[in-house]
Every structure is written in structure tokens, then in C-alpha cells.
Amino acid sequence: MRKLIAGVAATLPLLSSGASAQWSTDPGANLAVATGGDEQVLCKTVSGPAGETYISWFQLEGTGGGANYNLWLEVLDRAGASMLPGGGPIRVGNRTQGTSLVDYDMIALRGGGVAIAASDTQNGSDLDVAVYKVTRDGQIEWTREASNNAWYEPDPRLAELTDGGIAVVWPRLSSGAYGLHLQVFTPGGTPRLAADGVRLATGATTEAPAFQEVVASDAGSLIVSWARDTRQFNSPRHVMARKFDAAGAALWGAGPITISSFSVPIAHRPRLLSDGEGGAVLAWHDFRAGDRSQVFVQRISGAGAIRWAANGLAVSTSTTTSRFDPAIAFSPEAGEVFVAALERSINQNQRGLMAQKVASDGTLAWSGSGVQLLPLDATDELFPRVRSVAGGGMMVFCLDAPASPLPGNRVIGFRLDGAGSSVWSQRPLLVSSNLSVKGRLPITSLPDGTVVLAWEDGRSGGTDIYAQAVNPAGELGRPACPADVNGDGFLDFFDYSAFVACFEGQGCEPGILADYNGDGFADFFDFADFSSDFEGGC
């Protein structure tokens with residue numbers, strides 16, 4: 001008997017996609033997700049519970065006054081092939097966007113599929129917020145307007161609450177109506193709150209909070225972080241946070257918690273991650289030291305208690321260099337935070353990349369200055385990205401520009417163990433060796449520890465979307481040992497028993513899937529493929 005996991009949906013054709021392809025093992029020939037025609041921009045990527053990868057983007061379509069950025073989505077199986085009927089991708093929405101964009105958000109849902117929130121001009125030249133729910137097989141389950149008014153409302157952020165509600169938080173940045181607003185939809189798309197959402201208690205109504213992030217907390221609540229006030233150049237852009245229930249009522253004390261009383265730079269978005277215990281981890285950079293930027297991290301409990309140094313823990317004790325643009329990952333196994341950041345000379349004409357591990361007690365684990373991944377030199381680096389590794393350690397990725405100051409980027413990566421030592425023999429690992437203008441670089445992790453990166457790429461003259469899978473062994477494409485389903489580095493009885501238990505419906509351990517071959521069904525072929533890989537060894 002075949003247990004159906006993915007259904008069937010109609011799709012709209014795109015000029016070209018990587019639908020019939022699979023993950024490449026060649027850094028010079030990455031998977032083409034969306035190419036040809038007009039530009040494809042603002043890609044996002046998340047992974048689902050069955051090991052599928054979702055990649056979204058906006059594509060400019062039409063000409064002249066009819067030109068519009070439309071939202072598209074591709075769903076890839078673990079091999080990198082499209083899971084959508086007809087080979088995908090699908091157009092999620094063609095609501096009016098015009099020819100300019102602001103940022104948007106996409107999250108994977110625990111039951112499969114994704115939610116996407118984006119601002120548009122469907123109801124007027126101001127921006128309103130729309131939310132889409134799309135199933136794993138490409139069915140657009142529903143589209144709902146979170147707001148419809150005369151105010152300017154860009155840049156929404158999403159979280160799936162513990163009770164299954166889909167929360168969306170966005171800023172209202174029109175004079176006289178400032179504030180962050182919340183709407184929550186049921187899994188079926190019914191709004192729980194009033195039309196246009198509710199204003200969250202983030203502080204004075206004369207301030208314009210923005211650059212918010214949101215994560216789910218306990219009992220259907222959520223934690224929101226933001227830059228305090230963005231109205232003017234010298235406004236106090238302090239890093240703030242507060243916990244709210246699903247109705248938007250504040251849960252922490254008499255006012256928001258000041259994570260840092262030092263302003264972050266204009267357009268800087270503090271990072272926010274759940275710690276899996278109802279609290280959160282934050283990271284940001286600021287210039288409290290004058291002409292030198294520093295990266296700081298903080299952990300806050302589910303009760304709103306600051307756990308580390310007031311105003312944030314500096315990730316390096318060095319006073320001779322600056323650090324910018326942090327990326328963070330949290331390891332729930334040991335309560336550790338992994339950080340990567342761009343490192344610069346004070347005058348910023350020398351550039352490098354550093355990493356640090358922060359122990360659960362808020363101490364720096366990899367010496368005061370951390371680990372130098374790339375030395376200071378004339379090569380530019382951009383967009384650091386981080387993922388923790390089961391058993392300890394981290395993977396770090398970024399763009400570099402080896403021909404600096406000439407344009408053209410590669411995608412490169414590193415892996416460090418729990419002590420900060422390099423794991424991969426190739427340092428850096430070439431993920432994309434094609435020297436072309438690249439951007440964005442969102443990252444996601446599959447249940448087996450493989451990471452998927454996507455990026456905007458100009459190798460063909462336009463702006464296209466490419467992607468690449470990298471397994472924890474530092475190899476491009478498939479996992480180095482796919483039958484090691486529990487990811488402990490050994491192929492043994494425990495892998496066999498764990499897969500059989502999952503396949504027979506006795507419960508699946510984290511990261512183990514009955515749909516071993518990723519074809520959308522749990523059936524004889526999955527058991528046969530697993531048995532073949534297991535008997536073949538690694």
C-alpha cells in the first residue's frame with residue numbers, strides 16, 4: 001500500500017526552472033531554480049518536516065505600465081528535483097506590486113507547506129499586508145489580507161504559534177499612526193483579531209518601531225524584537241523586545257524590555273531566534289565604541305529575564321578591528337550560540353570573517369577574539385550565514401569577491417567542530433565557483449543536517465535564482481552517508497531499527513523520514529532504497 005504524502009496541483013509555467021534537475025556536485029554548475037525572462041529577486045528558502053525545500057522569489061513580468069512583480073514558489077525534494085505537478089514552479093500570487101519591492105517573509109509549517117506574508121499595492125498606492133498559505137503539493141490553500149487601509153505597512157514577519165495559529169507582525173510607518181501591528185490566522189485562514197490587526201504595546205505612540213522579528217514562545221504566545229524608533233537619522237534605535245499573547249496583550253512587565261540602550265545603525269535588523277525553551281536569542285551590531293563596530297548577543301528567558309551581560313555580550317574582546325552583520329544559530333543540545341560576523345579594519349579597507357561560540361552561561365568559548373575564518377585582506381565578504389551541527393560545531397557560509405574591487409562573487413563555506421577547529425579539508429569549501437554578481441543568500445537546514453542555500457545570480461546576464469545543497473561532510477549534493485539516518489556518524493543497528501520503526505508507523509525520531517527517497521510516498525521503494533544504502537555501507 002502506498003501512503004500518499006503529496007497530492008496534485010495545477011501549475012503555471014515559468015520560462016525555465018531546475019524542475020527536472022537535481023542537486024549538483026559541481027560548484028561550477030549549481031541548480032538553476034528560476035532563469036530566463038525578466039529578473040527574479042528577493043529569494044527566500046525554508047525546509048519542511050519531510051525534508052522538502054521551499055524557495056520563493058518575486059519575478060518581474062510584463063512591460064511598461066503593466067509590469068508587475070509576481071510571487072513564485074518552487075518545492076524541491078531531497079534530491080533537488082521539483083515536487084510540483086508539471087515540474088513547477090507555481091505563481092503564488094499576482095496581486096499588484098508595481099515595479100518596486102520591500103522585504104517579505106516565508107516560514108515552513110509543522111504540518112507541511114508554507115505561509116508567506118508580503119506587502120503590496122493591491123488596494124492602493126500605500127502598502128498593505130497579504131498572507132498566503134500554500135501546501136506542500138503547491139495548492140494555494142488561502143490568501144488573506146492582514147491589513148487594508150491608507151497607511152504605509154511594509155516588511156511583515158511571520159511565526160507559527162504553538163497552537164497552530166499563523167501570526168504576522170508588521171510596522172505601520174505613516175505619521176500619526178506609528179506602531180507594530182499583529183494579526184493571527186487560524187490554520188484554516190480565519191482571522192482571530194480585528195480587521196487591520198491590533199497595535200502592540202511597544203512604547204510611545206509617537207515612535208516608529210520597525211525592523212521587527214518574531215518567534216513563537218510557549219502557550220500560543222510570541223516574542224517580538226524591533227528597533228525602537230526609525231523616524232529620523234538620530235532617533236533612538238535601541239534594540240527592544242517583548243512577549244505577547246495570541247490576542248496581542250503584553251506579557252512582560254509594565255513596558256518593553258531594552259535589550260540594548262545603544263542605537264543600531266540605520267536599516268540594521270537585529271537577529272532573533274527561539275531558544276526552544278520559550279525564550280529567545282538576539283544578535284546585532286552597534287557603534288557604542290565610537291569609530292569601531294562590535295557585534296553583541298543576548299539571551300532572554302521566557303519570563304523576560306536577561307540572562308547575559310546588560311546591553312549584550314560582545315563576541316570578541318579585540319579592540320583593533322570592527323565586526324558587522326552577525327549571523328547566529330542556536331544549539332538546543334548544549335544551549336550554545338554560534339556566531340559568524342564580518343570583520344573589518346577600523347577604516348574598513350581590510351576585510352575578513354570571524355566566528356565565535358558562546359556557552360550557555362554567556363562566556364566566550366573560542367578565546368577572546370574567536371576563530372578567524374578569513375584573514376583581513378582586500379577581498380570583500382558579504383552575507384554570513386550560520387547553521388549548528390548535531391553533536392556540536394557550526395557551518396558558516398558567505399559570499400566573497402576574490403577579484404575585489406571588481407564585481408563577481410563566489411559562495412564559500414566552512415565547518416568548525418565544537419572546539420573551533422576546522423573539519424572540512426577544503427578551506428574554504430567552494431559552493432558556487434562561478435564568478436558572477438550574487439545576492440541575498442538565504443539558508444535552511446534539512447532534517448538530516450544538509451543545508452540548502454539559495455541566491456540571486458547574474459551569471460547569465462539577468463538576475464536568476466540558483467541553489468545548492470551541502471551536506472555536513474562538506475560535499476555538494478546528497479548526504480555523504482544517507483543510511484546514517486540518526487546522524488551520529490555511524491552506520492549500525494540503531495540506524496536500521498530507527499528507520500524500520502519510522503516506516504512501520506511506530507514513531508519517527510527527529511530527522512528520520514519514512515519517505516526515504518523523497519518521492520512523496522512512503523512505500524516499498526523507500527524500504528528497498530534504504531536497505532540498499534545500508535548494505536552498501538559508507
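The analysis underlying the following values was restricted to heavy atoms, covering all of them including side chains, and did not include hydrogens, waters or symmetry mates. In this text the structure is predicted, and so the values were computed from the model without any measurement.
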Taking Gln212's backbone N and O only, do any of them form a donor-acceptor pair with Arg269's side chain (distance below 3.5 Å, no angle check)? yes
Stepwise side chain to side chain contact (heavy atoms under 4.5 Å, CB included) check, Ser119 with Asp155: CA-CA 7 Å; Ser119 300; Asp155 191 29; 5.9 Å; no
Would a distance-only check, ignoring hydrogens and angles, find a side-chain to backbone donor-acceptor pair under 3.5 Å from Trp424 to Pro472? yes
Presence of salt bridge, Asp361 and Arg299, under 4.0 angstrom: no
Can you find a pair of side-chain heavy atoms, one from Gln183 and one from Val129, that are under 4.5 Å apart? no
CZ (Arg323) and CD (Glu343) are apart, to the nearest 0.5 Å, by 5.0 Å
For residues Asp533 and Leu491, determine if any side-chain heavy atom of one lies less than 4.5 Å from a side-chain heavy atom of the other. no
Look up atom CG in Leu222 and atom CZ in Phe244, then write down how far apart they are to the nearest 0.5 Å. 7.5 Å
Could you go step by step and tell me if Val41 and Tyr69 meet the side chain to side chain contact (heavy atoms under 4.5 Å, CB included) rule? CA-CA 9 Å; Val41 294; Tyr69 278 106; 3.9 Å; yes
Ignoring hydrogens and geometry beyond distance, is a side-chain donor-acceptor pair present between Glu141 and Gln139 at under 3.5 Å? no
First locate atom CD1 of Ile140, then atom CZ of Arg91, and finally report the distance between them rounded to the nearest 0.5 Å. 10.0 Å
Say whether Asp457 and Ser436, considering side chains only, have a donor N or O and an acceptor N or O under 3.5 Å apart. yes
Side-chain ion pair, Arg110 and Glu160, N-O less than 4.0 Å: yes
Start with the C-alpha distance between Leu313 and Leu364, add both sets of side-chain angles, then the distance that settles side chain to side chain contact (heavy atoms under 4.5 Å, CB included), and finish with yes or no. CA-CA 9 Å; Leu313 172 72; Leu364 302 182; 4.1 Å; yes
Are Leu71 and Trp57 packed together at the side-chain level, in the sense that at least one heavy-atom pair is separated by less than 4.5 angstrom? no
Nearest heavy atoms of Ser388 and Ala329, plus distance in Å: N-CB, 3.6 Å
Return yes if some donor-acceptor pair links the side-chain N/O of Gln356 with the main-chain N/O of Ser367 below 3.5 Å, else return no. yes
Does Tyr132 reach the main-chain N or O of Trp142 with its side chain, forming a donor-acceptor pair under 3.5 Å? no
Are Phe534 and Phe499 near enough that their ring centres are under 6.0 Å apart? no
Check each of Thr186, Leu109, Val184, Leu161 against Ile166 using the side chain to side chain contact (heavy atoms under 4.5 Å, CB included) test, and report the only one that passes. Leu109
What's the spacing between Trp284 CH2 and Ile328 CD1 if we round to 0.5 Å? 9.5 Å
Can you tell me how far CZ of Phe296 sits from NE2 of His285, rounded to the nearest 0.5 angstrom? 11.0 Å
Going by atom types only, do Tyr466 and Gln468 share a side-chain donor-acceptor pair under 3.5 Å? no
Ignoring hydrogens and geometry, is there a side-chain-to-backbone donor-acceptor pair from Tyr54 to Ile107 under 3.5 Å? no
Would you call Arg410 and Glu381 a salt bridge, taking side-chain N to carboxylate O under 4.0 Å as the test? no
Heavy-atom closest pair, residues Leu416 and Val423: C-CG2, 3.9 Å
Close side-chain approach of Ile90 to Trp72, heavy-atom, < 4.5 Å: no
Using every non-hydrogen atom in the two residues, find where Ile300 and Leu282 come nearest and quote the distance to one decimal. CG2-CD1, 4.2 Å
Looking just at side-chain N and O atoms, do Ser47 and Glu52 make a donor-acceptor pair shorter than 3.5 Å? no
Check: Gly189 main-chain N/O paired with Arg144 side-chain donor or acceptor under 3.5 Å: yes
For the side chain of Ser497 and the backbone of Phe493, is there at least one donor-acceptor N/O pair under 3.5 Å apart? yes
Write down the atom of Asp26, the atom of Leu476, and the distance for their closest heavy-atom approach. C-CD1, 4.0 Å
Do Phe338 and Val389 touch side chain to side chain, with heavy atoms closer than 4.5 Å? no
When you check the side-chain N and O atoms of Thr450 and Asp448, is any donor under 3.5 Å from an acceptor? yes
Can you tell me how far apart OG (Ser331) and CZ (Arg387) are? Round to the nearest 0.5 Å. 13.0 Å
Any side-chain heavy-atom pair of Asn409 and Asp400 under 4.5 Å: no
Taking side chain as C-beta onward, heavy atoms only, is Leu353 less than 4.5 Å from Pro384? yes
Please indicate whether Phe324 has more than 12 foreign heavy atoms, meaning atoms of other residues, nucleotides or ligands, lying under 6.0 Å from its CZ. yes
Check for a donor-acceptor pair, side chain of Lys357 on one end and backbone N or O of Gly418 on the other, with a separation under 3.5 Å. yes
In short, Cys43 meets Ile465 closest at the heavy-atom pair CB-CD1, 3.8 Å
Taking atom types as modelled, find out whether Asn434 and Ser432 have a side-chain donor-acceptor pair closer than 3.5 angstrom. no
Indicate whether the side chain of Gln59 and that of Asn70 have a donor and an acceptor atom separated by less than 3.5 Å. no
Without swapping roles, check the side chain of Ser221 against the backbone of Asp218 for a donor-acceptor pair under 3.5 Å. yes
Cationic N near anionic O, under 4.0 Å, Asp103 to Arg440: no
CA sep, side-chain torsions, deciding dist, call: Asp77, Arg136, salt bridge (Lys or Arg N to Asp or Glu O under 4.0 Å): CA-CA 10 Å; Asp77 64 20; Arg136 182 176 182 239; over 6 Å; no
Are any side-chain N or O atoms of Lys44 and backbone N or O atoms of Tyr104, one a donor and one an acceptor, separated by less than 3.5 Å? yes
Looking only at heavy atoms, which two atoms of Pro187 and Lys133 are closest? And how far apart? O-NZ, 2.9 Å
Evaluate the side-chain proximity of Thr143 to Val131: yes if any heavy-atom separation is below 4.5 Å, no if none is. no
Determine, stepwise, if the pair Val168 / Val214 fulfils side chain to side chain contact (heavy atoms under 4.5 Å, CB included). CA-CA 8 Å; Val168 55; Val214 55; over 6 Å; no
Before giving the answer on salt bridge (Lys or Arg N to Asp or Glu O under 4.0 Å), spell out for Lys438 and Asp464 the whole-Å C-alpha distance, their side-chain angles and the decisive distance to 0.1 Å. CA-CA 9 Å; Lys438 296 179 173 66; Asp464 301 320; over 6 Å; no
